[in-house]
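Let me begin by presenting the structure, written as structure tokens, before commenting on it.
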Amino acid sequence: MAKLTARRPPVETDAAPTAAPMLKPDPRWLAALVDSSSEAIISKAMDGTITSWNAAAEKMYGYQAAEMLGRSIQMIVPEDRLEELRLVDEKLVRGERVASFETVRVTRDGRRIDIALTISPIIDARGMVVGSSGICHDISARLSTEDELRRSQRDLRDFVENSAVGLHWVGPDGIVLWANQTELDMLGYRREEYIGRHIADFHADQPVIADILERLLRTEQLNNYEARLRCKNGSIRHVLISSNVYSERGEFIHTRCITNDITDRKRAEILLAAQKRALELIASGGPLEAVLETLVRAFEERSIYGALASVLLLDDDGVHLRHGAAPSLPEAYNRAIDRVAIGPAAGSCGTAAFRREAVIASDIASDPLWRDFRELALRHGLRSCWSVPILARDDQVLGTYAIYYREPRAPSAEDLQVLSVLARTAAIAVEAKRADAALRESERHLRRILDSLAAMVVVTTPDGTVLEVNRTALELAGLTPGDVLGKPLEKTWWWSGAPERQAELRAAIAAAAAGAESRFDVRLRVAGERHMTFDFMLTPLIDQRGRVTHLIPSAIDVTARKRAERQQQLLIEELNHRVKNTLAIAQSLTNQTLRSSPSPTSFAAAFQGRLAALASAHTLLAQTRWDGAMLRDLIQAQLDPYRTAGRSNVTITGEDVSLEPDAALTLGLALHELATNAAKHGAFTCPAGRVEIASQIDGSGPERRLVLTWSEQGGPAVAGDPQAGFGTTMIQRGLAYQLGGSAQLEFRPQGVHCRIELPLADGRLRAQMSAWLDEDEEADGG
Amino acid sequence: MAGELQGLRVLVVEDEFLVAMDLELMLRQCGCAVVGPIGDLATALRKAEEGGFDLALLDVNVGGEPVTAVAEALQAHAVPIVFCTGYQAGNLPRRFAQAPTLKKPFQVGDMVAALRAAAGHGAA
């Protein structure tokens, strides 16, 4: 107030009252001057009686001079200003002038008005103070402007102090010069704890504040520079700093810093970013450890109190918790709690996994659930631990997500919410990894199955480019995956060198790409120039939307089946041939027998005997699957019907030998003819007669021969050569013709003597069989 | 009926002795002269080159081997051929497709028809 009055310009009339006693002005002139003054001028006696009241006073107070003269000045002084009036009067009595003070007066209508008053004593000629005159100036209008200014200053200060943003000034030396209340509240400091300290003391990241100061010294303007400030209670605030330098004439006076607290937004952002990163990692099949570490770091980064986060995973046994991710916890602590068993009182995590609910230990030192782990935790400086179970979609416990602090601390509702979000994300990661592992195992399983198949299996794109190939397919041709992967199937080794098969495959691929399956036999190149026959199938894989996504060419080696089919065909053919041949022989026997039979009875006997001889040779051959028949068996089969019980009318001596089927049949028939002849005309017609059959093997290798002699003795005397019939033809010509052998048939007086020689070289059937096999091999090879 | 075959010289190649005897018998009944029968390929081939017959009756398979070489030699000399076989399908080269084939066992009538067809074919 003093300042303001000091700056007031002097009132022009100010000097007049004091000058009055010295000048002797004309009283009329003086009265006119007073009356014409725009200032209210009032004079009073020392007792307070008003002695003059000018026009301006009339106007200011609403009282006429006539009304006021002789009245007390107290008429216009409010009660609360009477004391002030007394004090002023005391000064006046001492002859002092009271220069322009501000006070309040009351008007006729009761209005209080602010005035500025200058009062001078009126001194008489004797130097006595007889009264006072005052000049009043209505300052109501001026005062209301000042009020406004004050109010506006107050508002501005309030705005500055309590604005939503923190404000401070820092001197060129980094010392905080001033800070607003918001900033102090934000960080929890009292004004005196903040102002006068170096700004770096309040930053969590020294390089950041160093950079900020450096930029400001270069008078750079900072806009939303991100920083972390440390509060008095140790917590962290994320802020955006905008700052510039106030300077005068190029001199750095102080900075003007705006600090915007974005902690809540930042924490939300950290959480969101971590979740996003974690989900991206999960989606891209990143390692579970990386996902868990991201989720663990999320809580730590958003924490303002230095949280240490940990994920433990429940072992497949459902009992033990295994280390998942806890990069900030002491390594020794992580090792110590790895494989801890879950239970009703197994620290926060073991209990959370056991109870399947959040377990909060605000102070490990006193929490009963921590009894068994208390010492361990305290030794590593861990004082509180909040743990929530990580639950699968089917509510199975997968593990725990826990937060540790180095001091006792209870979670806020928001903390618990964030924990549950992170635990859910961890659940997604663990489940995805398990599904992935299951898928991989199933793929490996399928791969093993594919590789173990005897069939060749390939996977191609719809246009036939090879994507996958199983082991059988590669091993067939001695190929490596690199030889075929990425190639069009028809350009692979298996189809090489066979343009018509390539075209056939190309057509099948086009059909399969359109959804049609094909199946045909195809000869594929295997190792070297060898080819094998395959039952080839080309199947399109069609997705749920009906699109062909892949083709599955598969091929089963049917070479063996083809060979078996071929051999079976050959055997049927051969059997047919043999039956037809046998029937032709039977027909021949019929015709030949008919020619030499005088009567139907003799025909029947002779024909049946020959047919039986043929049949018994067949029986012997059938026993060895037409591999051959033993000579001894053949002789016995033909002669057994003629043996006489109790007598040895048949003697068989010499070496036994295996005969080819052809030889067995022909020799069988020849022996039959000899035996029937003996039974009709020779040794078997009388009790004394007997037949000796002797065999002998002569020579070796291709010259190996069987010499068989038939000699009859004791029979009736033979009278010369009989008429040549079927029997003699069969023996003399047949053996030579059919078997390349020879027979000397002599009708000696003592009985028939026959010497038969047969080559024992490889038989025709065997040669024939091997010829088929050769033919077959050739087919495989070509 | 068999008159046309009278005096026809027929080479018989057949490895089965009894069948050969039967063919011989049947051919004689028809008034044919039998050359052979021959039961092995080497002799048959020699005889085919020598000639001295009007027609050949060949077993398709002689001693386990096809009679093709003999047939080719005969064809080279324009000798009509009748094949006889116990196999279901004649596995003869196509160039012999026009030659009549007798399927064993066969009756005289079948043989006469085959010989007549072959002789007619050969004459034409």
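Within every chain, numbering begins at 1; the chains are lettered A, B, ... in the order of the sequence lines, protein sequences first and strands thereafter.
At least one side-chain heavy atom of A/Tyr737 sits under 4.5 Å from a side-chain heavy atom of B/Pro37. With contacts defined as side-chain heavy-atom distances shorter than 4.5 Å, the pair B/Leu18/A/Met730 qualifies.
Of the atoms belonging to A/Ile572, not a single heavy atom falls under 4.5 Å from chain B. For A/Leu669, the part lying under 4.5 angstrom from a heavy atom of chain B is the side chain only.
Of the inter-residue distances, the one linking B/Asp15 atom CG with A/Asp662 atom CG reads 7.5 Å to the nearest 0.5 angstrom. To the nearest 0.5 angstrom, A/Leu589 atom CG is 9.0 Å from B/Met21 atom CE. For the atom pair OG (A/Ser588) and CG (B/Leu23), the distance works out to 8.5 Å, reported to the nearest 0.5 Å. Between the CE atom of B/Met26 and the CG atom of A/Asn591 there is a distance of 6.5 Å, given to the nearest 0.5 Å.
A salt bridge links A/Arg733 to B/Glu24: at least one charged side-chain nitrogen sits closer than 4.0 Å to a carboxylate oxygen.
Applying the 6.0 Å contact sphere to CD of A/Gln568 captures no more than 12 heavy atoms from other residues, nucleotides or ligands. More than 12 heavy atoms of other residues, nucleotides or ligands sit less than 6.0 Å from atom CD of B/Glu50.
When the options A/Ile585, A/Leu665, A/Thr582 are evaluated for a side chain to side chain contact (heavy atoms under 4.5 Å, CB included) with B/Glu16, the one that passes is A/Ile585. Tested against B/Phe17 for a side chain to side chain contact (heavy atoms under 4.5 Å, CB included), the candidates A/Thr729, A/Leu735, A/Leu739, A/Thr666 yield a single pass: A/Thr729.
Using a 4.5 Å heavy-atom cut-off against chain B, the contacting residues of residues 595-622 of chain A are A/Arg595.
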